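The structure displayed is predicted, hence computed values, not measured ones. Excluded from the calculations below are hydrogen atoms, water molecules and symmetry mates; all remaining heavy atoms, backbone and side chain alike, are included.
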Amino acid sequence: MKKIIAGLLVASAMFTFGCGGRNAEFGVVDLHKVQTEATFFKTTVENANQQMADLNKEAMSAMEGKSEEEAKKLLTEYQAKAQLIQSEADNKLKASLDAALNQVAKEKGLGAILIKDAVPQGGTDVTAEVIAKIQ
């Protein structure tokens with residue numbers, strides 16, 4: 001999930017930079033700090049994990065006493081449900097992160113916001129502002 005969010009953050013930053021002209025000012029965000037400190041991230045991930053645990057219990061109960069063929073069919077169905085839960089959580093996190101990044105970039109007049117680990121030096125750290133805006 002971290003790789004997906006990091007990739008989306010870079011793509012969002014490139015989009016913002018490309019649409020914002022050649023503004024030399026850019027921001028940096030500590031994505032790890034956002035993921036660990038933003039209540040929205042923690043809540044969304046915890047909810048997805050709980051849904052996955054519940055789904056796992058449901059799947060185990062449903063497969064009890066079934067033939068191997070029936071169990072494989074049920075497993076495929078439950079895997080699809082698990083992928084849907086993960087996808088919904090990822091989309092929710094991406095949308096919230098994109099909105100927060102765009103809002104902070106606009107408020108601060110930044111041409112882009114990049115991942116802090118990818119920038120050797122420079123940039124305005126906007127991590128706290130992004131954490132505050134994520135909802």
Asks: Is Asp98 salt-bridged to Lys94, going by a charged N under 4.0 Å from an acidic O?
Replies: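 Lys94 and Asp98: salt-bridged.
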Asks: Salt bridge (Lys or Arg N to Asp or Glu O under 4.0 Å) with Glu107: which residues, sequence neighbours excluded?
Replies: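 For Glu107, the residues satisfying salt bridge (Lys or Arg N to Asp or Glu O under 4.0 Å) (neighbours in sequence not counted) are Lys133.
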Asks: Go through Thr124 and Phe26 one step at a time and tell me if the side-chain contact (heavy atoms from CB on, under 4.5 Å) criterion holds.
Replies: CA-CA 6 Å; Thr124 303; Phe26 66 95; over 6 Å; no
Asks: Do you know which two heavy atoms are closest between Val126 and Val104, and how far apart they sit?
Replies: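 So the minimum-distance heavy-atom pair works out to CB-CG1, 3.7 Å.
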Asks: If you measure only the distance, is there a donor-acceptor pair under 3.5 Å linking the side chains of Thr43 and Glu46?
Replies: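 Their side chains do not contain a donor-acceptor pair, so the 3.5 Å distance test is not met.
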Asks: Report the residues that fulfil side-chain contact (heavy atoms from CB on, under 4.5 Å) with Gln51, sequence neighbours left out, ordered by chain and then residue number.
Replies: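 Applying side-chain contact (heavy atoms from CB on, under 4.5 Å) to Gln51 gives Ile85.
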Asks: Does a side-chain heavy-atom distance below 4.5 Å link Leu101 with Val130?
Replies: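 In short, these two side chains touch, coming nearer than 4.5 Å.
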Asks: Atom CG in Leu75, atom NZ in Lys72: separation rounded to 0.5 Å?
Replies: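 One finds 10.0 Å between CG of Leu75 and NZ of Lys72.
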Asks: Within the structure provided, determine whether Leu93 and Phe40 are in side-chain contact (heavy-atom separation under 4.5 Å).
Replies: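 A side-chain contact under 4.5 Å exists here.
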Asks: Starting from the C-alpha separation in whole Å, work towards a yes-or-no answer on side-chain contact (heavy atoms from CB on, under 4.5 Å) for Leu97 and Ile134.
Replies: CA-CA 6 Å; Leu97 182 61; Ile134 287 185; 4.0 Å; yes
Asks: Is there a donor-acceptor pair under 3.5 Å between the side chain of Thr44 and the backbone N or O of Ala89?
Replies: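 Side chain of Thr44 to backbone of Ala89: no pair is present.
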Asks: Can a donor-acceptor pair be found, under 3.5 Å and without considering hydrogens, that links the side chain of Asn91 to the backbone of Ser87?
Replies: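 Looks like yes, one N/O pair under 3.5 Å.
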Asks: Indicate yes or no for a side-chain donor-acceptor contact from Thr36 to the backbone of His32 under 3.5 Å, with no hydrogens or angles considered.
Replies: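 Side chain of Thr36 to backbone of His32, a donor-acceptor pair under 3.5 Å: yes, one is there.
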Asks: Would you indicate whether the side-chain heavy atoms of Leu31 and Lys116 approach each other to under 4.5 Å?
Replies: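 When only atoms from C-beta onward are counted, Leu31 and Lys116 do not touch, as no gap falls below 4.5 Å.
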Asks: Check step by step if side chain to side chain donor-acceptor pair (under 3.5 Å) holds for Ser61 and Glu58.
Replies: CA-CA 5 Å; Ser61 295; Glu58 184 182 322; over 6 Å; no
